[in-house]
Number of protein chains: 2
Amino acid sequence: MARGGSASQAGTGSVSRPRATVMRDVARLAGVSHQTVSRVLNNHPNVRQETRDRVVQAMEALNYRRNLAARTLVTRRSGTLGIVGFESTLFGPASMLYAIEDAARAAGYFVTVATVRRLDRQSVLDAVDRLAQQSVEGIIAISPKPAVTNALVQVASVLACVGVGAAGDDAVPTVRVDNRAGAALATRHLLDLGHATVHHIAGPPDWPEAVERVDGWRETLYAAGAVVPPVHPREWTARSGYEQGQKLAADPAVTAIFCANDQIALGVLRALHEAGRRVPDDVSVVGFDGMPDSEYFLPPLTTVRQDFAELGRRSIDMLLRKIDSTGQPAEHMLLEPELILRDSAGAARS
Amino acid sequence: MARGGSASQAGTGSVSRPRATVMRDVARLAGVSHQTVSRVLNNHPNVRQETRDRVVQAMEALNYRRNLAARTLVTRRSGTLGIVGFESTLFGPASMLYAIEDAARAAGYFVTVATVRRLDRQSVLDAVDRLAQQSVEGIIAISPKPAVTNALVQVASVLACVGVGAAGDDAVPTVRVDNRAGAALATRHLLDLGHATVHHIAGPPDWPEAVERVDGWRETLYAAGAVVPPVHPREWTARSGYEQGQKLAADPAVTAIFCANDQIALGVLRALHEAGRRVPDDVSVVGFDGMPDSEYFLPPLTTVRQDFAELGRRSIDMLLRKIDSTGQPAEHMLLEPELILRDSAGAARS
DNA sequence: CCGCCCGATGTCATCGATCACTGTAGCGCC
DNA sequence: GGCGCTACAGTGATCGATGACATCGGGCGG
């Protein structure tokens, strides 16, 4: 869909709408030149207050809005930012999107989105291309996999980019949560409760977030001198948690499970329940993400909360900084997650 | 934030980037006029095949992309659609957004979003105004409350609009799910299992979706000659379900509960569990939405599934039709939801 | 063999803003 | 009184595309 009319290029239009009011209309009504209107619009100092008032009144009377396309054409600044989003209903990305739009608007920017179905290089480049066509001034990629971030490298030289989620090539600045620390928090908590060791159900092995959580968990166990059980990374879904939970539930030695996200934990809770193992009496469970519903799981889930909204805001901050000053070395920002104590993790029975 | 320079209007720009290649560059390389390039780009018939090839090659060699701003300026068609989204992490809106972007892209349109924090008239008008500034050709409003749809009426005369979710003023076309039928499905199912009546935990009373579900539930009970218990509409949250679930759990006469959405059901399940009432043995529970996690609730939730992705696609279809032919009477489309049978609803004990 | 028409291109104006100049009045200063 | 400066306003070019119209050959009918 890259070039010319290859795709059906939108409809054939319709009846001519009444022409919108333009600068000249305002100028005429206010009895000034269009340039003066422009100056008022852009807060130039050299306009007498009285003139300014007259122009503003005229704008109001005619309900004038400036034409962004014309402005973009001449200034080469569209005032819009692009988001590359991952098509998923995971809780995180969705809430991030809203936070991003909100922060962007506050900074005076518009937001356009391009979603990708698969997290591979080509899909991401396509999405970026679509955004580039709209002459966005910067791109935020919700980029949980390195393929995404790495695809951005290719673009970063001509367009400000920020990745949210996973790290990748160091040339692209990123904002992400300290997954390792979060996993350590969870694991440490379970060990402190007296569990001999902690089992882990991991996310997909090609997601750095999943890998980092595994690392944080493993390191904590290692440092505590605890046995490190094997992990079998799978998916982020409740189904995956359920299936692996069934296996762990069958093993009486398992008393503590740290799940790579809350949805996995949901599946684990069901598996444990069905196996007749009580939570937290027989087995303690901790999740990761802090999705709102987790408070109402059975039992309410102890979990590591990531502040997705904050993640979104920070990524905009960073992108704006990047836009204003290109050439700076890429920053990386790490947000600390927070352990939320609820019922699903209790003391080990001696 | 309506008029010029009132808000901090984006950054101050940066170093001049190398000028992008434009039509003239392509024309020069291909040895034709820029107009011929334009003709190739727009699939005009009167271009010799050989010339066309040369132009296409030049475009490829220079990696040319047409400038959307310039095109928009002269054609008055931006090729972008706007979405008014509700800032929420409800499962539905998020998955709809992705479906919409996908369908829009397939139709050759770009998508920009404007989110609202509150569902009141002014917020919506602000969002629409932002989209209008970007000269979108149509707007899809994820509009669960009538205030949203009604605000659109004011806009509908100059801009194609479609509401997704709740109905409102009849002038704005809408796509939505038949909540009444869905509620009837759920209620009917519970009655068929032998329950004397069905209790309902409703969503917010100012959301038509919630009201319609109440209606469908009430009508079904009425038609079956069953007692209609009182409802106390609250929120869509698990918390709200939990709190009301506690009350219902205390009443032994309650054997079947239909929840206005899956999150409410989650809260209800916890309340029932804590009260020692087993599901489905003592109490049957049915939800609404069909969010993926509901399959792993304890027990897996019988629920009424709405196809949000389909909702998104249909709304784009309708919007495109509306754009191509203004003045048509507003259509309304109703999608039928589907009952998903799982464990949480069982036969009443006699 | 002339004139007409059509297919293939080129030329020029245009969309609606901004930017770089130019122009003008009023004031202070020498 | 003339010079220069500042504050204010206007003029014209420009961004990169499209659309209307002009141009230029060549084929074809009469």
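Bear in mind that the values here come from a model prediction, so they are computed numbers and not experimental data. Hydrogens, waters and symmetry mates are skipped; everything else that's a heavy atom, side chains included, is used. Lettering of chains follows the sequences in order, A, B, ..., and the numbering in each one begins at 1.
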For this session: Give me the one residue out of B:Leu319, B:Leu311, B:Ile316 that meets side chain to side chain contact (heavy atoms under 4.5 Å, CB included) with B:Ile100.
Result: B:Ile316
Exercise. In Å, rounded to the nearest 0.5 Å, how long is the span from CG of A:Leu320 to CG of A:Leu81?
Worked result: 6.5 Å
For this session: Mind checking A:Thr36 for me? I need base, sugar-phosphate or nothing, with any heavy atom below 4.0 Å counting as a touch.
Result: sugar-phosphate
For this session: Could you tell me whether the side chains of B:Asp53 and B:Gln57 share a donor-acceptor contact shorter than 3.5 Å?
Result: no
Exercise. Would you say the side chains of A:Gln122 and A:Asp126 form a donor-acceptor pair under 3.5 Å?
Worked result: yes
For this session: Any chance you could lay out the side chain to side chain contact (heavy atoms under 4.5 Å, CB included) test for B:Ser123 and B:Arg117, step after step, and finish with the verdict?
Result: CA-CA 7 Å; B:Ser123 305; B:Arg117 286 172 163 274; over 6 Å; no
For this session: Taking atom types as modelled, find out whether B:Arg105 and A:Thr115 have a side-chain donor-acceptor pair closer than 3.5 angstrom.
Result: yes
For this session: Specify the closest pair of heavy atoms between A:Phe86 and A:Ile142, including all atoms of both residues, with the distance to one decimal.
Result: CB-O, 4.4 Å
Exercise. Any side-chain heavy-atom pair from B:Met23 and B:Arg66 closer than 4.5 angstrom?
Worked result: no
Exercise. Between which nucleotides of DNA chain C, 5' to 3', does chain B make heavy-atom contacts below 4.0 Å?
Worked result: C:dA8 to C:dG16
Problem set entry | Spacing between A:Asp53 atom CG and D:dC8 atom C1', to the nearest angstrom | 15 Å
For this session: For B:Arg54 and for B:Arg76, find the nucleotide of DNA chain C with the closest heavy atom, then tell me which residue's nucleotide is more 5'.
Result: B:Arg54
For this session: Classify every nucleotide of nucleotides 17-28 of chain D by which part a protein heavy atom approaches to under 4.0 Å, writing B for the base, S for the sugar-phosphate alone and - for neither, in 5'-to-3' order.
Result: SBBB--------
Exercise. What nucleic acid atoms does B:Thr72 come within less than 4.0 Å of, heavy atoms only: base, sugar-phosphate, or nothing?
Worked result: nothing
